[in-house]
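Structure first, commentary second.
We're numbering straight along the sequence, starting at 1.
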Amino acid sequence: MGVSCLATVPSLLAVVPLQPRPDAGAALTTGYHLPRSMTAVIRCKIEDDVNPGGMSRRDVVKFAGATLGIELIGSSGSMVETASAADLIQRRQRSEFQSRIKGTLFTALKANPELVPSVLTLALNDAMTYDKATKSGGPNGSIRFSSEISRPENKGLSAALSLLEEAKKEIDSYSKGGPILYADLIQYA
């Protein structure tokens, strides 16, 4: 029994079983192919008259699977994106901006260490407004509004909010991407 295989399968595309060929005669053709809109095929041809008792259909399917696997592994590098220079510059700029925000908040909180617990409570109370039933609320910065900050559970947090509003003005002055959101600022602080 002799086996010959031809594999031209692009990676990560769905393969479907070949339909039996009525014109195969003594030879049985089995394998996989891609839909007609694609041009890749794995074809394995078993010829009974070459070496009787050699390879079974199962061996051919294993061979086709191995061939497909090698094709997939060989081209899996295309799944990894390479970073362009612009991506690297953007990452560096984002990192520098976050470092500047951290420095601004550190300076503001170091000057007012008594407000650290209030800032933590402010962030927690802003986040605890999440309602699972309506999927609304959460850490959205709504605590800055007078209707929220005047609630009894937020008593004494207006000084922390004032501190963050001053820090926001400084951060917005050097921000190149627009003003920082209150939600982000409160949680970051």
Side-chain angles (χ1 to χ4, degrees), residues 9-16 32 34-40 65-66 68-189:
V9 178
S11 297
L12 303 175
L13 298 174
V15 289
V16 295
Y32 298 90
L34 294 169
R36 289 196 181 271
S37 63
M38 303 184 188
T39 59
L68 179 61
I70 289 170
E71 289 283 336
L72 291 173
I73 291 170
S75 64
S76 64
S78 65
M79 295 187 314
V80 178
E81 290 185 37
T82 56
S84 66
D87 294 334
L88 297 174
I89 291 169
Q90 188 178 31
R91 289 178 192 167
R92 189 188 80 234
Q93 289 173 342
R94 186 180 308 120
S95 176
E96 290 172 359
F97 179 62
Q98 289 173 342
S99 294
R100 288 187 73 182
I101 292 172
K102 183 178 178 181
T104 300
L105 291 172
F106 179 77
T107 304
L109 290 171
K110 190 172 182 180
N112 301 297
E114 70 282 355
L115 293 179
V116 171
S118 297
V119 170
L120 292 172
T121 305
L122 185 74
L124 182 64
N125 287 0
D126 188 38
M128 287 183 11
T129 60
Y130 180 72
D131 182 13
K132 186 177 178 181
T134 63
K135 296 186 190 254
S136 64
N140 57 11
S142 64
I143 200 161
R144 75 182 190 277
F145 298 123
S146 60
S147 60
E148 288 281 329
I149 199 71
S150 63
R151 295 177 61 136
E153 60 268 14
N154 297 330
K155 184 178 181 184
L157 299 180
S158 57
L161 186 60
S162 297
L163 174 80
L164 293 182
E165 286 173 346
E166 290 301 316
K168 183 181 182 332
K169 289 177 187 173
E170 183 179 342
I171 292 168
D172 288 346
S173 70
Y174 59 76
S175 173
K176 295 178 183 174
I180 189 169
L181 300 174
Y182 274 100
D184 295 334
L185 178 67
I186 291 169
Q187 296 305 313
Y188 199 73

Thinking salt bridges, do Lys169 and Glu166 make one under a 4.0 Å N-O criterion? yes
Do the side chains of [Y] and [X] get nearer than 4.5 Å, heavy atoms only?
| X | Y | result |
| --- | --- | --- |
| Asp87 | Ser84 | yes |
| Thr104 | Tyr174 | yes |
| Arg94 | Gln90 | yes |
| Asp126 | Gln187 | yes |
| Leu164 | Leu122 | yes |
| Asn140 | Leu181 | no |

For [X] versus [Y], what's the shortest heavy-atom pair and its separation?
| X | Y | value |
| --- | --- | --- |
| Leu109 | Ala189 | CD1-O, 4.2 Å |
| Leu157 | Ser118 | CD2-O, 3.4 Å |
| Ala167 | Leu105 | CB-CD2, 3.9 Å |

Taking everything shown except Tyr130 itself, do over 12 heavy atoms lie less than 6.0 Å from its OH? yes
So how far is it from [X] [atom1] to [Y] [atom2], rounded to the nearest 0.5 Å?
| X | Y | atom1 | atom2 | result |
| --- | --- | --- | --- | --- |
| Ile186 | Ile143 | CD1 | CD1 | 6.5 Å |
| Tyr188 | Lys102 | OH | NZ | 6.5 Å |
| Asn112 | Leu163 | CG | CG | 5.5 Å |
| Arg144 | Leu185 | CZ | CG | 10.5 Å |

Between the main-chain N or O of Pro117 and the side-chain N or O of Thr121, is there a donor-acceptor pair closer than 3.5 Å? yes
Glu153 backbone acceptor or donor facing Asn125 side chain under 3.5 Å: yes
Would you kindly check if the NZ (Lys) or CZ (Arg) of Lys176 is within the cone defined by 45 degrees around the ring axis of Phe97 and under 6.0 Å from the six-membered ring centre? no
